[in-house]
Engineer: 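Just passing along the structure, written as structure tokens.
When reading the values below, keep in mind they use all heavy atoms of this one structure, side chains included, and skip hydrogens, waters and symmetry mates. Here, residue 1 is the first one in the sequence, and each next residue gets the next number.
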Amino acid sequence: MRSSFCPSLKLREAASMYFTMIAVFLVILVVALQGTAPRENYFPYKVPLDPEGTLELSWNVSYPREVVYFQILAKELKFGLLFGMSDRGEFENADLAVLWSNGSQSYFGDAWSDQKGHLHMDTQQDYKLLKAHRTTEGLYLLFKRAFSTCDPKDYFIEDGTVHLIYGILDKPVHSLQAINVSAIQRGLQRVQLLKPNITMPNLPTDMKTMEIRTPDVVIPSQETTYWCYMTELPEDFPRHHIVMYESVITAGNEAIVHHMEVFQCAAQFDSFPRYSGPCDSKMKPERLNYCRHVLAAWAMGAQVRCGREAGLAFGGPGSSRYLRLEVHYHNPLVFKGRHDSSGIRLYYTATLRQYDAGIMELGLVYTPMMAIPPGETQFLLTGYCTDKCTQVALPPSGIHIFASQLHTHLTGRKVVTVLSREGKERMIVNADNHYSPHFQGDALMTTCTYNTEDRSRATVGGFGIMEEMCVNYVHYYPQTQLELCKSTVDSGYLHRYFNLVNRFNDEEICMCPLASVSQQFSAIPWNSFNRDVLKSLYDFAPISMHCNKSSAVRFPVRLNGLPRMRKMAAPCTVHA
């Protein structure tokens, strides 16, 4: 960190509370540095706030000072913006930093909203403006906020997901109280503000980089697209270890690229056909289904480094040189003609580590059989990785987990993966409290909590952004053949549930045998009986396990109709 100095700024008093005055938007802004700022331009974490990408947030964290430094780039700012935090992304009872203009002067300050969404200046100004300046890119605002302010109107910044909210003012306002939050363009973004404070090892001196990117794709004009692109390593590419990877996003598409994965294909095939197109297209070659070994998995805000002991192996004898890049485009505004060449940058070395690392997927299978009723404030779904899989797939000495990435879609509120042994919780592998009581044996359990208060129909599991996921990508060593250890409810028990609903409701509901699971969930009248029975079904019904190798072949064990938990043969050792 280094300090910098600028001339002091005048303060404007209003109703015994203070706002920091800054210059008019259309000129370059220079303000006082009120405290110690992070090193210039050093903001390692970045996300777009709005779907158009006109507001871009980057941030840095000082753990010794317990302060978050925010930088917002407003590319097309008119008369101000709102930025802040609330418990679940609401504009009521929110903690806000507000920049607004009356057309001639502009103001910045700390504010809060009441239960009706009305804005009030805070008597304790805890959002501290450090710098503001205009460039050809737009207006940059740099400000800071302590984790804890001891102000009851302020949000307490802690580990886990933080719901960031934003609003854009397109008309001048003459006072803070004149801002009507229900009448402005607004939205939310979920991020993990506080990253694990882990000292990362130095990268090797012989490190090289490789970018695996889509070849100038025209993003389809639909809300959800999974795009698959095949590429290959050079012939005779020797064995290397990947020690870090990060995203490479085409400028302007930061709000559309939702997540990406790089898969290595099965070594049993000598060649794979070239392909670039939607992953669900009928034109996609069937052989691409054998490209399932995860080399890199990225979602917004993620960056992974391996420790000194292990690296993700690729290249060399016995390894396929064919790779599949999968990009999830989330295009809610249905932009047309948008070009994209996003992908993942791999950092790799020829100096091999002691262990090969692996990535294992825990949680729930992507299936509509796992559903959340509408109008729920907290609905829990749990995916299991039981001993039926681990006893044949993991070494007797166990595995060491060094990184973990949690993932849901829009209704996810909390995710936690727990290692249970002999009916007792032993260790939390990873938890996010902003994102089952019936322990009977040992298992790795990933539980997701969902909120569907704003939905009128059931939310089913699947790949679409309006569908749901419950995933934990666990990075571990030594590498095994286990690629995926997930579960879903037994299909026979779910069929009994639909029959029960059909029998015990007042009106006749068509649960036609040919209707899809999604259609049957859509037909259910969501009264308290149907909700409670579904919750009990997910809590106590037998499960069907998916215990898969990277070749898409399942391990040869019985995986259907399993009880929820059994003693796990190979425990996990978790490294902080």
Engineer: Taking Arg324 first and then Glu326, would you say they form a salt bridge - that is, a charged N and a carboxylate O separated by under 4.0 Å?
Structural biologist: yes
Engineer: Keeping the roles fixed (side chain from Thr214, backbone from Asp340), state whether a donor-acceptor pair exists under 3.5 Å.
Structural biologist: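 Side chain of Thr214 to backbone of Asp340: a pair is present.
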Engineer: According to side-chain hydrogen bond (donor to acceptor under 3.5 Å, both in side chains), who are the partners of Trp112, at least two apart in sequence or on a separate chain?
Structural biologist: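 By the side-chain hydrogen bond (donor to acceptor under 3.5 Å, both in side chains) rule, Trp112 matches no residue at all.
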Engineer: Verify whether one side chain among His163 and Asp87 offers a donor that lies under 3.5 Å from an acceptor in the other.
Structural biologist: no
Engineer: Have Tyr477 and Gln479 got a donor and an acceptor in their side chains that come within less than 3.5 Å?
Structural biologist: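 Tyr477 vs Gln479: no donor-acceptor pair found between side chains.
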Engineer: Calculate, to the nearest 0.5 Å, the distance between atoms CG and CE belonging to Leu188 and Met85 respectively.
Structural biologist: 13.5 Å
Engineer: Quick check: His258 with His409 (ring centres under 6.0 Å apart)?
Structural biologist: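 Centroid distance His409-His258: below 6.0 Å, so yes.
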Engineer: Could you check Leu49, Leu96, Leu82 and say which one makes a side chain to side chain contact (heavy atoms under 4.5 Å, CB included) with Ile165?
Structural biologist: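 Between Ile165 and the candidates, side chain to side chain contact (heavy atoms under 4.5 Å, CB included) is satisfied uniquely by Leu96.
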Engineer: May I ask you to decide whether Glu309 forms a salt bridge with Arg353, counting only side-chain N to carboxylate O separations under 4.0 Å?
Structural biologist: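 Looking at Glu309 and Arg353, the cut-off is not met.
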Engineer: Taking atom OH of Tyr329 and atom CH2 of Trp227, what is their separation to the nearest 0.5 Å?
Structural biologist: 7.5 Å
Engineer: Among Asp95, Asp122, Asp110, find the residue that satisfies the salt bridge (Lys or Arg N to Asp or Glu O under 4.0 Å) test when tested with Arg145.
Structural biologist: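 The residue from Asp95, Asp122, Asp110 that satisfies salt bridge (Lys or Arg N to Asp or Glu O under 4.0 Å) with Arg145 turns out to be Asp95.
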Engineer: State whether a side-chain donor-acceptor pair under 3.5 Å links Asp216 with His339.
Structural biologist: yes
Engineer: Does Arg338 have any salt bridge (Lys or Arg N to Asp or Glu O under 4.0 Å) partners at least two apart in sequence or in another chain, and if so, which?
Structural biologist: none
Engineer: Determine whether a donor-acceptor pair (N or O, by modelled atom type, separation under 3.5 Å) exists between the side chain of Tyr226 and the backbone of Phe463.
Structural biologist: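 A pair under 3.5 Å: yes.
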Engineer: Run the salt bridge (Lys or Arg N to Asp or Glu O under 4.0 Å) test against Arg186 and tell me which residues pass, sequence neighbours left out.
Structural biologist: none
Engineer: Roughly how far apart are Leu193 CG and Tyr155 OH, rounded to 0.5 Å?
Structural biologist: 8.0 Å
Engineer: Between Ile157 and Ala146, what is the shortest heavy-atom contact and its length?
Structural biologist: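 Shortest heavy-atom separation between Ile157 and Ala146 comes out as CD1-O, 4.0 Å.
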